[in-house]
Amino acid sequence: MAINKKRPVKSKVSPATQNSPYVHRDVRPRRVSEDVGGSDRVSIGRWVALFAVVLAVTGCLVSPDVRRVLVRLQKTGLGEIFADAHDPSVRISSNEKREAKEEEVVGWLDPEPPENLLDDIEDDGGWHEDQVDEDELTMDDFEDGVIEPEDTEDLMEDEIVEKERRDAERQEKEYKLKAAGNSASDGKGRSSKVAEEKSVKSPKTTSESGDPPLVRGRPGRDKNAPPPIILRPGDTHIKLDASQIKFVDSPVETKDKKQPKSQDSAHTAKKSKSSVKSVNTKPPGKSPGSGKAEAPEKPEHNSKSSAKQTKEKTAIKSPSETKQGNKATTKQAKEKTAIKSPSETKQGNKATTKQAKEKTAIKSPSETKQGNKATTKQAKEKAKSEIPERPGGNKNGPPPIVLKPGDNTILDTSQIKFVDSPEKEKPMKSKASKVSAKKSTPSSKSANKKSAAESPGKNKDETPKTAANVPSSSEERAKEKVEANSSENSREKQKQTNVDKSEAKTIPKTSKSKSDGVGTAKEHKPIILNGENDKIVIDPSTLKQVNPEVIEPSKSKTKTSDKSTSMKKDSAKVSAKKQGDGKIKEDTDSNNGVKEKVNKFRAKYQKTITPKKVFIDGRRIPPTELLHQKASNSSVKVYLFNDFLSDRECDGLIKAHDSHVKALDKQPLICFDSIKTLRSHLKEVKKSSVKVTPNDFTAGTICLNSTFSAKMQMWMKSNWSYSTAFYPGESQFSTRLAARIEQAMGLSEDNGGKFQITSYPVGKAYKEHTDCILGGTEKRDRMASVLMYLNDVEDGGETSFPDLGIWVKPRKGRALLWNNMNPEGFCEPHSKHVAKVVKKGSKYILIRWYYYKSFYALGKRQPAPNLPARDEAQPMVRCDEYEMGSCRWYDEWNHDVTLEYQKNQMKLL
Ligand SMILES: O=C(O)CCC(=O)C(=O)O
Ligand SMILES: [Fe+2]
């Protein structure tokens, strides 16, 4: 039975909830109230229930009719309501009441669960790891500046550090062992399980937005940085993605000027001038930045929190982009404008002295450097050529390459990064960096001055981002493209196309990824040429021909390291095989098929949640609405279903999760959504003084390389939860569960993402966050969350909605359903929630997000990104938005950790 399931009554409120101002405290014994916090208002439901109880005790004697009614109510579930009615913290939803009055009850016939859930899942190939190769990250700049590689040499000298590392390792291992032991002992009843859990220490968790394109409201998601243009020596022709180019005649240009709000200002500003100053731009280190670059993503939506988030998000960006974001303020934008001429472009803007130094080599492909290079003269000249500003209104980023049809275009090599032979790479890179830094200095200086002078009051918070954001022309271009496509259709297509890209292995990730494929960490670094005489002739016809979706496979193959390639292939095969249900059949060689599907895809909308009572394996599962304790005009509704999952299912899922986590027994690569987040974590572990350089990253990603990841892990003491995922169609269980959810919650399978199991070891939590992106306009966002608890937690681990005054205690089999977005498709700030720290025992949950608007890639397992060499079975830990996010370990690698993804995120969204 659902609500009435008797559980040991505790006489005290758990410490975790004691401190919560939202928790209702009641001295009376509790049943559900012990587990659920909610309103303390007197509800009609309670009065009705009270009245019924009175009747039950006395009235029954009165009339047979009354008795009949009561019996009927009992049958339909009100009996349970009565049972809980005395508890003020239990609210029966009108939904439930209404339902109870109806004769008709929706039933649910659940097939027998598989004999062994784990096997069931594994047989279907639902669990597998996609690997990523390790390499260095190409980042542009860092807030605090880049230091020489040698300066970081001593990072490991500290003996304490070494000890910490060992401790961390030991803890991690211990946890895994325990988890393993835990799974081994599963299959027992709740109480025995609880007992077992006591001995289990840390569970693992994670959560991520596994779904491709969208990331949760948490950070990490929104960036978009266009990839650099990377050429290999000998290349004479460049195929550019259309998004990287602007044709002067193109109508888009004109449109640009009428960009959506968010972009307006910047755009307009830019337009207005084009002066030599183009160079300026990025606000100096901490000044004004403006994270507006990203505005497009989270514009309108109101609320302070939105604003805050927006700012924060901005910060996030990926190394590469990060920077862009920050740069341009309106004013700045105006000045920058300079950009100009067709082929070359605007590069200019960005770097401030500091930045220049910091960025050093890193820059983003095409532009990064360019920025610095543009001489005043050049700028002036260029300025002459009337070029449409970049649509995105973005800031300092390097301007798009503007060509007129028929132009015999020549790109200044400063706009390009050449991928050289592996051997050369390293040395050249650092050299290049230095040169670059040096060069940029002068202009940066002026730029700094300018920005300082002109954008005084800007938000400092954004500054860091700025620094971090290395505008890459490609990024901007990507944005432009997206933004330019004002029509929903074209935008839609674009997005889908990109999603498609990310899914189809076939599609080589941009040039950058290609270069990344080169093998070892060192091979990756592109060589940056500064000579102005180095010109590359671009065949315009080629430019036109290039279809963004079909980027020369041959090149990517060439560049991909053996290991990486084979891994990828394997992964693709596995992936294809796993999609046994036909959900994802495409693999690397069937890109065209995907394209077709993407084109045919029609999005569906999930605007509301409609909880209903269901029967599962004979269990009656009615929804209980947890009423808000705090007044708010929020549309968020939270429902609880007890025993939504059977013990067996919970045990099977935990077992599958634990064994999977244990199998990936490798030191994870740790990824941060921004340099700012990384620094915040360093600060938290009292390592603020540690310097970080681009060399500390895995090329092409926002992830630290192995060495630095190991240090981070020891400093952080593996302070993260662990997530593994399985996808719809990968097992009978997933199909069954999806149908169950659809039936009980009204959530369509068409809008469901992956299923994510997360475990929290003792001491772990997840900070307050929203599952959707606050202020975002994108409808492909998490409309609803279905959270299922797989075990009882001895102490702590509650899920709390601070704005609503609701908290829920984890109970094995219990499901929680709530909407994150309102029917209009906007993210509700009051949907924010937090996973409280697990004080004793461990916590396992299964979560699935349902999207407001579906998209092709939704719910499909994506192939791992084509990154350079990584160890097999090497997991990743992702840390998003420090203020609103926590770190999570993941078994799968998603494209959203790649710079390419970041650059194209706008499109993906
Ligand atoms: O663990 C919990 O209670 C909440 C998890 C959550 O909010 C998430 O993964 O998004
Ligand atoms: Fe969440």
Side-chain angles (χ1 to χ4, degrees), residues 126 128 130 208-216 220-224 478 482 491-510 513 548-550 568 571-572 574-576 578-588 590-606 725-730 734 738 748-756 772-773 776 778-783 848-866 890 892-898 900-909:
H128 76 99
D130 288 325
E208 190 348 329
S209 38
D211 293 304
L214 258 208
V215 186
R216 44 176 64 195
R221 271 257 176 148
D222 1 337
K223 343 284 150 115
N224 28 299
V482 175
R491 186 176 282 162
E492 197 55 31
K493 249 186 177 177
Q494 171 101 40
K495 291 172 183 172
Q496 289 180 351
T497 295
N498 283 289
V499 169
D500 174 13
K501 270 185 175 182
S502 63
E503 289 193 306
K505 287 203 153 185
T506 335
I507 302 183
K509 343 182 95 232
T510 66
S513 27
E549 296 150 40
V550 188
K568 204 180 181 186
S571 165
V574 174
S575 192
K578 292 184 173 180
Q579 318 301 331
D581 67 325
K583 251 208 161 181
I584 292 184
K585 292 278 186 195
E586 308 77 30
D587 69 359
T588 315
S590 55
N591 191 32
N592 289 333
V594 174
K595 271 171 62 182
E596 224 169 83
K597 288 180 185 171
V598 169
N599 286 338
K600 283 187 186 152
F601 183 83
R602 292 289 167 270
K604 300 234 174 77
Y605 290 82
Q606 178 76 54
F726 59 96
Y727 290 74
E730 290 185 342
S734 61
S748 167
E749 176 56 15
D750 290 332
N751 295 68
K754 68 180 181 182
F755 294 90
Q756 183 171 288
C772 48
I773 298 176
E778 177 54 60
K779 301 301 183 220
R780 299 179 188 200
D781 205 347
R782 298 166 176 178
M783 186 271 156
R848 190 183 196 197
W849 292 286
Y850 285 79
Y851 290 69
Y852 188 87
K853 181 182 182 183
S854 67
F855 45 93
Y856 179 74
L858 184 60
K860 297 183 173 77
R861 186 183 284 275
Q862 289 190 309
N866 186 19
Y890 292 93
E892 50 181 3
W893 284 83
N894 296 319
H895 287 265
D896 55 3
V897 298
T898 66
E900 178 188 4
Y901 175 92
Q902 310 270 328
K903 292 169 191 167
N904 292 293
Q905 198 164 127
M906 283 291 281
K907 291 192 283 183
L908 291 173
L909 284 175

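No hydrogens, no waters, no symmetry mates; every other heavy atom, side chains included, goes into these values.
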Ser854 OG to Tyr605 OH distance, which is reported to the nearest 0.5 Å: 8.5 Å
Check this for me: does any side-chain nitrogen of one of Lys853 and Glu778 sit under 4.0 Å from a carboxylate oxygen of the other? no
Return the OH to CG distance between Tyr856 and Asn599, rounded to the nearest 0.5 Å. 10.5 Å
Inspect the contact between Glu749 and Arg848 and indicate whether a charged nitrogen and a carboxylate oxygen are less than 4.0 angstrom apart. yes
Examine distances only and state if a side-chain atom of Asn751 and a backbone atom of Lys604 form a donor-acceptor pair shorter than 3.5 Å. yes
Keeping the roles fixed (side chain from His895, backbone from Pro863), state whether a donor-acceptor pair exists under 3.5 Å. yes
Nearest 0.5 Å please: distance from the CE atom of Met783 over to the OH atom of Tyr850. 12.0 Å
Would you indicate whether the side-chain heavy atoms of Tyr851 and Leu858 approach each other to under 4.5 Å? yes
Would you say Glu596's side chain and Gly593's backbone share a donor-acceptor pair under 3.5 angstrom? no
Minimum heavy-atom separation for Tyr727 to Gly859, with atom names? CD2-O, 3.5 Å
State, to 0.1 Å, how close Ala725 and Glu892 come at their nearest heavy-atom pair, and which atoms those are. CB-OE2, 3.6 Å
Nearest 0.5 Å, please: how far is CH2 in Trp849 from CZ in Arg782? 4.0 Å
Which heavy atom of Ser734 sits nearest to which heavy atom of Gly729, and what is that distance? OG-N, 3.3 Å
